[in-house]
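Reading through the structure tokens given below for one structure.
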There are 2 protein chains.
Amino acid sequence: MSSRSRILRLSRYKNAALRLKSLNFLKVFSDNLADATGVTASQVRKDFSLFGISGNRRGGYQIDELLTQLNKVLGKDKLQKFIVVGVGNMGRGMINYPGFIKSEIKIVAGFDIDPSKYNRKADAPVFPMDELTAFVKTNEVEFGIIAVPDFAAQEVFERLIQAGIKGVLNFAPIRLKSDNTDIVVHNLNLETEIENLIYFVNTKVNPAE
Amino acid sequence: MSSRSRILRLSRYKNAALRLKSLNFLKVFSDNLADATGVTASQVRKDFSLFGISGNRRGGYQIDELLTQLNKVLGKDKLQKFIVVGVGNMGRGMINYPGFIKSEIKIVAGFDIDPSKYNRKADAPVFPMDELTAFVKTNEVEFGIIAVPDFAAQEVFERLIQAGIKGVLNFAPIRLKSDNTDIVVHNLNLETEIENLIYFVNTKVNPAE
DNA sequence: CAAAATTTGTGAATAAAATCACGTTTTCAA
DNA sequence: TTGAAAACGTGATTTTATTCACAAATTTTG
Ligand SMILES: NC(=O)c1ccc[n+]([C@@H]2O[C@H](COP(=O)([O-])OP(=O)(O)OC[C@H]3O[C@@H](n4cnc5c(N)ncnc54)[C@H](O)[C@@H]3O)[C@@H](O)[C@H]2O)c1
Ligand SMILES: NC(=O)c1ccc[n+]([C@@H]2O[C@H](COP(=O)([O-])OP(=O)(O)OC[C@H]3O[C@@H](n4cnc5c(N)ncnc54)[C@H](O)[C@@H]3O)[C@@H](O)[C@H]2O)c1
């Protein structure tokens with residue numbers, strides 16, 4: 001199993017390759033991908049080699065073939081279904097995001113406790129919470145996004161586990177707890193990200209210390 | 001200078017300490033913080049030691065003192081002003097987020113090109129783009145959040161640099177370019193985060209390979 | 001067609017990060 | 001006041017991640 005940061009790099013290589021493809025490039029060198037993503041060329045080659053992705057000596061990588069292989073690793077070779085729980089600002093943003101359309105990520109529904117958010121007719125409909133389990137099972141949804149306030153997040157998490165969700169992206173600033181070791185949780189704490197930015201700005205301004 | 005992940009851990013220690021403080025704890029051990037954040041106790045102590053944060057042998061860390069020191073490192077000992085550019089779903093979410101109130105992070109204004117978003121009266125007002133530079137200078141704003149569509153992000157970035165912004169949190173899925181080495185940019189690409197989650201769910205399900 | 005130029009793929013070397021392990025200090029109880 | 005237990009602080013060690021460096025393969029050129 002690879003580290004989180006290695007997989008993040010693969011995503012960036014994929015995005016860079018997509019950009020080059022859209023400029024009608026047919027092949028790409030480790031060097032190009034390195035420049036585009038800010039790593040070294042040998043890092044690119046090492047990352048690829050760890051996933052059995054290979055190119056041609058002197059000839060670089062065929063972009064189409066490379067994209068096929070990267071997409072496979074990143075699970076973008078088949079549709080990945082998501083639901084969003086909590087259709088507030090963040091949840092609504094995820095549901096509306098047009099960028100997912102061309103990727104294999106699809107947000108199939110939202111769930112909320114606030115009746116004013118319900119909408120069965122929309123492209124990505126919003127349902128009441130008590131329909132969550134049935135929906136997940138019938139539609140074989142594997143992923144959930146938690147975008148409810150912090151105090152509701154643990155409860156929502158447990159519902160998602162019960163419904164059979166396999167992976168959760170959590171926006172709430174709490175550490176979700178579970179004894180189920182099968183579920184994968186990734187946290188996205190915006191305040192922590194902001195603190196990180198502040199730190200690096202401050203230490204740049206004042207390099208001593 | 002410390003690595004990004006070390007600083008992220010410091011934020012988590014701070015949050016864990018805050019939680020314990022709210023439960024009326026007066027002191028905390030490296031062990032407690034380790035459990036709360038999912039790292040080892042010696043990692044906690046090593047992180048602290050690198051920032052000159054020290055406790056008492058056998059007595060652990062005084063929570064109040066620890067929080068003072070962590071807040072200092074993380075720049076939470078003084079008000080940090082932010083503006084948000086692009087008051088769509090993400091931007092609105094950041095502006096409305098109540099969690100920043102008790103922290104020293106303040107979103108002082110939003111900026112947009114869409115006149116329907118303008119609102120000079122709100123608690124965090126929203127202004128047209130051509131007032132950005134003047135606002136940043138008069139109010140000595142150091143940080144900016146880019147939450148505009150991808151095609152507008154580079155242009156907005158350059159405006160922020162010109163206005164004198166020091167740190168940028170970028171939600172747009174592009175690599176911002178600048179020859180100004182003073183500005184710090186952190187990217188938050190939600191699609192990349194989702195791909196990462198998908199990968200770890202997939203490899204968990206199918207551990208062979 | 002041979003020689004020169006490039007670029008990959010990957011072990012070896014280096015660097016960075018995390019963990020270990022233990023001496024030192026502090027607390028507490030008898 | 002002394003001894004035992006607990007917890008820190010940090011140098012040493014181990015593990016993980018990155019970079020180096022070069023043989024092998026491929027392409028290009030003359
Ligand atoms: N919502 C998501 O789930 C999601 C996921 C991945 C990435 N993102 C990225 O985050 C960013 C923001 O997403 P969002 O969903 O809030 O977008 P949004 O479309 O809801 O809002 C964008 C806002 O930016 C404003 N704007 C456009 N051009 C501008 C300009 N030149 N100057 C100032 N303002 C301008 C628009 O008027 C609008 O208010 C986008 O770059 C998007 O690609 C969002
Ligand atoms: N917006 C930010 O800038 C920001 C920053 C950091 C963290 N966060 C976190 O992200 C999460 C979402 O933020 P937001 O700004 O979109 O919040 P929001 O308040 O706009 O929306 C929350 C939504 O969740 C719904 N909800 C509440 N309890 C529920 C329950 N038990 N079951 C189902 N739905 C429920 C509400 O009806 C609402 O629609 C929160 O945990 C917040 O702390 C947001």
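A, B, ... follow the sequence lines: proteins, then strands. Residue 1 opens every chain.
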5'-most contact on DNA chain D (nearest-nucleotide basis), A:Arg57 vs A:Ser2, goes to A:Ser2
Tell me, please, which residues at least two apart from B:Asn189 pass side-chain hydrogen bond (donor to acceptor under 3.5 Å, both in side chains).
B:Thr192
How long is the line joining CZ of B:Arg4 and P of C:dA16, in whole Å?
19 Å
Report the distance from atom CZ of A:Phe51 to atom C1' of C:dT8, rounded to the nearest whole Å.
19 Å
Report the distance from atom CZ of B:Arg6 to atom C1' of C:dT19, rounded to the nearest whole Å.
12 Å
Which residues share a side-chain hydrogen bond (donor to acceptor under 3.5 Å, both in side chains) with A:Asn196, sequence neighbours left out:
B:Arg4
What does B:Ser54 touch in the nucleic acid at a heavy-atom separation under 4.0 angstrom: a base, only the sugar-phosphate, or nothing?
sugar-phosphate
Along DNA chain D, first and last positions that approach a heavy atom of chain B under 4.0 Å
D:dA5 to D:dA12
For B:Asp114, check side-chain hydrogen bond (donor to acceptor under 3.5 Å, both in side chains) against everything at least two apart and list the hits.
B:Ser116
Please, which pairs that meet side chain to side chain donor-acceptor pair (under 3.5 Å) have at least one residue in residues 148-162 of chain A, sequence neighbours excluded?
A:Gln154-A:Glu158
For A:Met94 versus B:Leu190, what's the shortest heavy-atom pair and its separation?
SD-CD1, 3.5 Å
Going by the rule side chain to side chain contact (heavy atoms under 4.5 Å, CB included), which residues pair with B:Arg175 if we only count those two or more places apart in sequence or in a different chain?
none
Below the 4.0 Å mark, does C:dT10 have OP1 or OP2 next to a side-chain nitrogen or oxygen of A:Ser49?
yes
Taking distance alone, no hydrogens or angles, what donor-acceptor pairs closer than 3.5 Å link side-chain atoms of residues 24-34 of chain B to residues at least two apart or in another chain?
| residue | atom | partner | partner atom | Å |
| --- | --- | --- | --- | --- |
| B:Ser30 | OG | B:Arg45 | NH1 | 3.2 |
| B:Asn32 | OD1 | B:Phe29 | N | 2.9 |

Residues that A:Gln43 engages under side-chain hydrogen bond (donor to acceptor under 3.5 Å, both in side chains), provided they are two or more places apart:
none
Look at A:Tyr61 and C:dG9 and indicate whether a side-chain polar atom (N or O) is within less than 4.0 Å of OP1 or OP2.
yes
What residues, two or more places apart in sequence or in another chain, satisfy side chain to side chain contact (heavy atoms under 4.5 Å, CB included) together with A:Lys81?
A:Leu79, A:Val108, A:Val141
Whole-Å distance, A:Lys46 NZ to C:dA13 P, equals 13 Å
Note down the inter-axis angle between the two ends of the helix from C:dC1-D:dG30 to C:dA30-D:dT1, five pairs each, to the nearest 10°.
10°
So, with a heavy-atom separation below 4.0 Å from DNA chain C, the residues of residues 10-43 of chain A are A:Phe29, A:Ser30
Figure out the CG/P separation between A:Asn56 and C:dT8, and round it to whole Å.
9 Å
Quick one: salt bridge (charged side-chain N to carboxylate O under 4.0 Å, His left out) partners of B:Asp64, sequence neighbours excluded?
B:Lys21
Distance flag, aromatic centroids of B:Phe100 and B:Phe82, threshold under 6.0 Å:
no
To the nearest Å, how far apart are A:Leu50 CG and C:dT8 C1'?
15 Å
Any donor-acceptor pair under 3.5 Å joining the side chain of A:Arg58 to the base of C:dT7?
no
